[in-house]
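None of the values given here were measured: they were computed from a predicted structure.
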Amino acid sequence: MDGAVLAEPIMERLRKRNPAYHETAYLFILAALHFTIERVGEARHITGRELAEGARDLAIERFGLMARSVLEYWGIRTTRDLGELVFALVDCGVLVKQDGDCVRDFEDVFCFRAAFEQNYPWCCSRQMQDS
C-alpha cells in the first residue's frame, strides 16, 4: 500500500467530513487493512478489533517509538478514531462494510498509552528470530 493515493474528489470529501484527520491517516488505514488481511492469511471480513490491532502493530513496525506521536499528528488518538476513518472511507465508497459493522466496534480496543509506551515491544521480531 506504500505510494497509494486516493482520487482528489474522494480526498476532498474526506477533508470536508473530518477535517481533524490528516490525509495520510486515511492511507494508513488502507495500509493497515492490507497488513491485517495478509496477517490473517485469507481474504475474509476483518472485524473492527482485528483492524485496530493491525493498525497498532503496523504503526509500531513502521514508526517504532514514534508510533503514538505519528498517529496523533494525523489526528488519531484513540481506537475510536480508527473507526471514524474507516467509516468515512465506507461512506466514500472506498471500503465496504457488512451488516452489523459499526464505528463502536473500534471503541476501547486498546489504550494508546499502554500499547505504544507501557507495552512497547523493545525487542523486534527479527532479533527474536535470529537468537
Side-chain angles (χ1 to χ4, degrees):
M1 292 302 297
D2 289 334
V5 294
L6 291 170
E8 185 53 33
I10 292 172
M11 195 55 78
E12 184 62 29
R13 286 178 57 195
L14 292 168
R15 279 188 219 108
K16 286 182 181 175
R17 177 188 161 125
N18 285 322
Y21 298 119
H22 192 280
E23 294 176 13
T24 309
Y26 297 102
L27 300 176
F28 177 74
I29 288 296
L30 295 175
L33 179 60
H34 181 76
F35 176 86
T36 304
I37 290 171
E38 282 190 344
R39 186 160 69 179
V40 298
E42 61 182 309
R44 63 166 175 81
H45 176 258
I46 301 297
T47 67
R49 171 173 290 279
E50 288 173 322
L51 182 52
E53 291 172 350
R56 174 197 61 207
D57 296 345
L58 180 62
I60 289 171
E61 182 179 300
R62 284 191 175 177
F63 310 118
L65 288 170
M66 295 298 297
R68 184 176 179 190
S69 296
V70 171
L71 295 179
E72 287 183 352
Y73 177 77
W74 293 338
I76 304 170
R77 291 173 173 77
T78 66
T79 54
R80 167 79 186 212
D81 289 320
L82 298 170
E84 294 290 345
L85 291 161
V86 166
F87 278 84
L89 289 165
V90 168
D91 289 346
C92 288
V94 176
L95 297 177
V96 295
K97 69 178 188 81
Q98 289 187 345
D99 291 342
D101 287 344
C102 66
V103 73
R104 288 186 312 276
D105 297 340
F106 290 85
E107 288 182 354
D108 302 321
V109 174
F110 58 85
C111 165
F112 273 37
R113 191 171 128 230
F116 299 120
E117 294 173 14
Q118 294 171 337
N119 301 326
Y120 182 81
W122 289 97
C123 181
C124 73
S125 60
R126 183 179 191 107
Q127 289 173 329
M128 290 180 357
Q129 291 171 351
D130 292 343
S131 56

Provide the closest heavy-atom pair for [X] versus [Y] in the form atom of the first, atom of the second, distance.
X   : Y   : value
I10 : C92 : CG2-CB, 4.1 Å
G54 : T36 : CA-OG1, 3.4 Å
L71 : A59 : CD1-CB, 3.9 Å
G75 : Y21 : O-CE2, 3.2 Å

Keeping the roles fixed (side chain from T79, backbone from V109), state whether a donor-acceptor pair exists under 3.5 Å. yes

Answer yes or no: is there a donor N or O on one side and an acceptor on the other, between the side chain of D81 and the main chain of T78, under 3.5 Å?
yes

Any idea how F63 and W74 line up, ring-wise: parallel (<30°), tilted (30 to 60°), or perpendicular (>60°)?
perpendicular

Checklist entry - Relative to each other, are the rings of F87 and F106 parallel, tilted or perpendicular (30° and 60° limits)? => result perpendicular

How far does [atom1] of [X] sit from [atom2] of [Y], to the nearest 0.5 angstrom?
X    : Y    : atom1 : atom2 : answer
E117 : S69  : CD    : OG    : 8.0 Å
R56  : R68  : CZ    : CZ    : 14.5 Å
E61  : F35  : CD    : CZ    : 5.0 Å
C111 : R113 : SG    : CZ    : 6.5 Å
I29  : L95  : CD1   : CG    : 9.0 Å

Is any side-chain heavy atom of [X] closer than 4.5 Å to a side-chain heavy atom of [Y]?
X   : Y    : result
I37 : I46  : yes
R49 : D105 : no
H45 : D101 : yes
I76 : V70  : no
E23 : L14  : no

- Query: After noting the C-alpha distance and the side-chain angles of L82 and V86, does the key distance pass the side-chain contact (heavy atoms from CB on, under 4.5 Å) rule?
  - Reply: CA-CA 6 Å; L82 298 170; V86 166; 5.5 Å; no

With sequence neighbours left out, the residues meeting ring pair (Phe, Tyr, Trp, His ring centres under 6.0 Å) with F116 are F112

Sorted by chain and residue number, the side chain to side chain donor-acceptor pair (under 3.5 Å) partners of Q118 (sequence neighbours excluded) come out as none

Problem - E72/R77 ion pair, N-O < 4.0 Å - result: no

Check: Hey, are R44 and E50 close enough for a salt bridge, meaning a charged N less than 4.0 Å from a carboxylate O?
Finding: yes

Residues at least two apart in sequence or cross-chain that pass side-chain contact (heavy atoms from CB on, under 4.5 Å) with Y73, listed by chain then number, are H22

